[in-house]
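Everything on this sheet refers to the single structure shown next.
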2 protein chains.
Amino acid sequence: MPRPRSLTQDQLSAAALAVIDREGLPGLSMRAVAVELGISTMALYRYVQDRGELEALVVELVLSAVDSTPPPPDAGTWQARVTLLVDRLRTTVGAHPGVLPLTFTHRHRSPGVLRWGETVLGVLGEAGLGPEERIVALRALLAYVIGAIQQEHLGALSGAGTTAIAALPAEEYPYLTEAARSARSLTPDREFHGGLALLLAGLGG
Amino acid sequence: MPRPRSLTQDQLSAAALAVIDREGLPGLSMRAVAVELGISTMALYRYVQDRGELEALVVELVLSAVDSTPPPPDAGTWQARVTLLVDRLRTTVGAHPGVLPLTFTHRHRSPGVLRWGETVLGVLGEAGLGPEERIVALRALLAYVIGAIQQEHLGALSGAGTTAIAALPAEEYPYLTEAARSARSLTPDREFHGGLALLLAGLGG
DNA sequence: CTGTTAGGTGTACGGCATACGCCTACCGAG
DNA sequence: CTCGGTAGGCGTATGCCGTACACCTAACAG
């Protein structure tokens, strides 16, 4: 009966994501999103209760992509299938690094991630893990992926931090300086999969 | 010749940490810290260039504790020694959960963490790992610890998220709902060490 | 005692999220 | 076609925030 909405939630979250991708997370403000949509600031509040809800919408938009791709092939070892699923999560989040800090606070609610977890648990179950082993394994995988993605985007191994470490006094930090020197040839990809392989090996493969 | 400073950096960072511990990270503001110290807001700027520098000071205060404890005993397997070092990092950060989000942005500069990394690399070296293996292992350990600490404090397994998952439709998420039900008896401590054991097992133990 | 230097302060500005009340576009009913 | 009510959109105002700037003043060197 009354006036219909002129914007969809998808438009909202897409606009917010566009702002983040363009100006980074600090650039995200109700004003900026409103400008992006061509409406007034306060009109936004007809769609979300507060800024937090807008952030949750963006996170959901980004994370939903993790499940939009086809399911993993049943072929291959379970290690290969878990690796594929983990890679999918990594590339999904990595596509929008600016959103990363928001995912921690708003992760729980995402159906996409829930379905991802369900799939991983399934593969682990088929691999012969018991109920409690499965939980520990899933949480460990999640912890590793979360931490690794963060390290990759907030303190990359090939970045300024590593060169700073390489410049430390070698007498006091012999291992670190040596590590920093040889770390320059280690790509983020090899690093990530190396650590993941450790975890999978520990899982019994 | 001129007027001496009336505050030390330790007092500054301690005051900021006190504010965070008492009112949480959102409660941290230049005004609040100034009140805590009994000085005017602008007087703070005689000690730090901006808010970011104050945050870095707090992070450094918290992380420095990781190395103030005595070195790990040379006895025991290398797995036990790494576990001890990792535990030390976990309890250090866990003592001030409010600071957690700040550590990601300001972590690199901490001498305490640098010395921690040096020690871990040393143990890994004695365990027989080669140079590149050591780096991958250290970074994997760091990634796991970072992610696990975050999961523990921002989305605890025994918290609201898990009960929400337990309430999901069991037909659609059979593994997840079953996992959430049996996860209630899994303490954060057992979860953390379970995942860590996986990683260490993968390292060749 | 006095001049210099740097520590401490008060005021002010622009940006932020957002509570509140007004205007009005839209739709169903008559 | 008209009209009334509902809910969308907007302007204004408030109280936070970080911080630039100009001023006052405590303290030491001479």
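Both backbone and side-chain heavy atoms feed into the values below; hydrogens, waters and symmetry mates do not. Letters A, B, ... are given to chains in the order of the sequence lines, protein chains preceding strands, and every chain is numbered from 1. Just so it is clear, the structure is predicted and the values come from calculations on it, not from any experiment.
Note on A:Arg3: every side-chain N or O is 4.0 Å or more away from OP1 and OP2 of D:dT6.
From A:Leu199, atom CG reaches atom OH of A:Tyr144 across 8.0 Å, with rounding to the nearest 0.5 Å. The NE2 atom of B:His96 sits 7.0 Å away from the CG atom of B:Leu61 when rounded to the nearest 0.5 Å. Rounding to the nearest 0.5 Å places CZ of B:Arg184 at 7.5 Å from OG1 of B:Thr163.
If you measure from atom CE of A:Met30 to atom C1' of D:dG9, you get 14 Å, rounded to the nearest angstrom. Note: CZ (A:Arg51) to P (C:dA19) measures 15 Å, nearest angstrom. A straight line from CG of B:Leu12 to P of C:dG7 spans 13 Å, rounded to a whole angstrom. Per the geometry, CD belonging to A:Glu53 stands 14 Å off C1' belonging to C:dT18, to the nearest Å. Between the CZ atom of B:Arg5 and the C1' atom of C:dT5 there is a distance of 13 Å, rounded to whole Å. A straight line from CG of A:Leu7 to P of D:dA7 spans 19 Å, rounded to a whole angstrom.
Residues from residues 38-50 of chain B that place a heavy atom under 4.0 Å from any atom of DNA chain D, listed by number: B:Thr41, B:Met42, B:Tyr45, B:Asp50.
When the side-chain hydrogen bond (donor to acceptor under 3.5 Å, both in side chains) test is applied to B:Arg181, no partner is found at least two apart in sequence or on another chain.
Counting only residues at least two apart or in different chains, side-chain hydrogen bond (donor to acceptor under 3.5 Å, both in side chains) contacts with residues 30-52 of chain B comprise B:Arg22-B:Glu36, B:Arg51-B:Glu55.
In this model, a side-chain donor or acceptor of B:Arg31 finds a partner on the base of D:dG18 within 3.5 Å.
With B:Glu118 contributing its side chain and A:Tyr175 its backbone, the two residues share a donor-acceptor pair below 3.5 Å.
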